[in-house]
2 protein chains.
Amino acid sequence: MGISPLIDSLVEAFQVLPGVGPKGAQRMTLHLLQHNREGGRRLAEVLGEAMSGVGYCSQCRNFSEEDVCRFCADARREDAALCVLESPADILAIEQAGGFRGRYFVLHGHLSPIDGIGPEELGMDMLTRRVEALAPDEVILATNLTVEGEATAHYIHDLLKDRVSRITRIAHGVPLGGELEFIDGGTIVHAMQGRRNFS
Amino acid sequence: MGISPLIDSLVEAFQVLPGVGPKGAQRMTLHLLQHNREGGRRLAEVLGEAMSGVGYCSQCRNFSEEDVCRFCADARREDAALCVLESPADILAIEQAGGFRGRYFVLHGHLSPIDGIGPEELGMDMLTRRVEALAPDEVILATNLTVEGEATAHYIHDLLKDRVSRITRIAHGVPLGGELEFIDGGTIVHAMQGRRNFS
């Protein structure tokens, strides 16, 4: 039993957020009530709107409140390269890094038969249609370097290999500033296998 | 520029929460969109309700959506002791610790002339009225052990000393399980000054 029934409900509701437990939820609740009710009201409004209004782009399955997302709608982006990703967060990571100006396709997950996630759930039909419509020179497989991500990349490679002239996988190796001494063995194996001519 | 305008707004709105920066807000947004829209909708609803519906108890200034909060309305609690606190979170801490069955009064802060917070902002008039109505045997000053908390405790002592027979301050000293070796000097001074007969 906490301060009041409504406050108890809010403390509980905040715990749907990732990484937020009872203590953090209590802190959030009291902070907003004491210091920022206006901000709390705005959060409630935008959150409600987003939960109902955000759907999926009809071309690339990215989150979007429009039929076509901002990346597919942007005429200045190049159709020559299509990058396939597991999640919309990965788009943000690539955009923030800069340098890529092509198109995206979001799988929203990876193949995982044990969870009932097969090609259909990942929109492989839509990916095939997208590849046919864009006719990219290259499809970049940027799924994660996990067993499931690798399996998904292999599946997509087999699916598209007769439709696209070049299918690539993002490089895996030692990160910028990484010191060999502290890098895990798996990464070092990838770094060695992926070595290139010194230019 | 993020995934979509509505998602950008939500990522920004989440940053009103304490301890939540751009990365955390992005994680919360995508997590709810991907895994728990129902929970997100419920959070939006309860949050909106709480921001508008939670006011202050007319007797003790605790947060409450009713005119009188659950602690003041509870007939089983004792009027003999009134505990004065800086924040509603302190009520929760005392309730969770257990053992206290008296009444509360919440200041919502401490005296801080530099921020324009004087006796009026802390509801000292209301505290006086509450003491007159309850006629407690004891007022326990449980403001924090900071310069401002101490100044506030002194102010309340002077305000109430002719109205209440016993005014006490919560003990400050070595916490349970604390090892002297690792305790700060200020706490040790308090622990020495507050020493009691060994029984």
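In what follows, every chain begins at residue 1, and chains take the letters A, B, ... in the order their sequences are listed. All of these numbers come straight from a predicted model, not from anything done at the bench.
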Are [X] and [Y] linked, directly or through other ILVMFWY residues, by side chains that come within less than 4.5 angstrom of each other?
{"X": "B:L85", "Y": "B:M126", "result": "no"}
{"X": "B:F100", "Y": "B:L82", "result": "no"}
{"X": "B:L134", "Y": "B:L127", "result": "yes"}
{"X": "A:V11", "Y": "B:I94", "result": "no"}
{"X": "A:I156", "Y": "A:F105", "result": "yes"}

Enter the distance from [X]:[atom1] to [Y]:[atom2] here, rounded to the nearest 0.5 Å.
{"X": "A:L17", "Y": "B:R27", "atom1": "CG", "atom2": "CZ", "answer": "10.0 Å"}
{"X": "A:L10", "Y": "B:E45", "atom1": "CG", "atom2": "CD", "answer": "12.0 Å"}
{"X": "A:L30", "Y": "B:F63", "atom1": "CG", "atom2": "CZ", "answer": "6.5 Å"}
{"X": "B:T29", "Y": "A:M51", "atom1": "OG1", "atom2": "CE", "answer": "7.0 Å"}

Among the listed options [options], the residue most often paired with chain A at heavy-atom distances under 4.5 Å:
{"options": "B:V16, B:L43, B:V46", "value": "B:L43"}
{"options": "B:Q34, B:H108, B:E95, B:R42", "value": "B:Q34"}
{"options": "B:N36, B:V54, B:V20", "value": "B:V54"}
{"options": "B:N62, B:L33, B:I91", "value": "B:L33"}
{"options": "B:C69, B:G48, B:S52, B:G24", "value": "B:S52"}
{"options": "B:S87, B:P88, B:G109", "value": "B:P88"}

Closest non-hydrogen atom pair, [X] against [Y]:
{"X": "B:L6", "Y": "A:E49", "value": "CD1-OE1, 3.6 Å"}
{"X": "A:R37", "Y": "B:A50", "value": "NH1-O, 4.1 Å"}
{"X": "A:S4", "Y": "B:S64", "value": "CB-CA, 4.4 Å"}

Practice item. Counting only heavy atoms closer than 4.5 Å, note whether A:Y56 contacts chain B via side chain, backbone, both or neither. Key: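 Side chain of A:Y56 only, per the 4.5 Å heavy-atom cut-off to chain B.
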Review point. For B:Q96, does the CD atom have more than 12 heavy-atom neighbours from other residues, nucleotides or ligands under 6.0 Å away?
Key: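 More than 12 within 6.0 Å, yes.
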Q) Heavy-atom count around B:H154 NE2 within 6.0 Å, excluding the residue itself: above 12? A)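 No, not enclosed.
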Between [options], which has the largest tally of heavy atom pairs under 4.5 Å with chain B?
{"options": "A:G53, A:S9, A:P18, A:G40", "result": "A:P18"}
{"options": "A:C57, A:G19, A:P5", "result": "A:P5"}
{"options": "A:I7, A:I3, A:L32", "result": "A:I3"}

Check: A:G2 main-chain N/O paired with B:R70 side-chain donor or acceptor under 3.5 Å
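Yes, because the side chain of B:R70 sits within donor-acceptor range (under 3.5 Å) of the backbone of A:G2.
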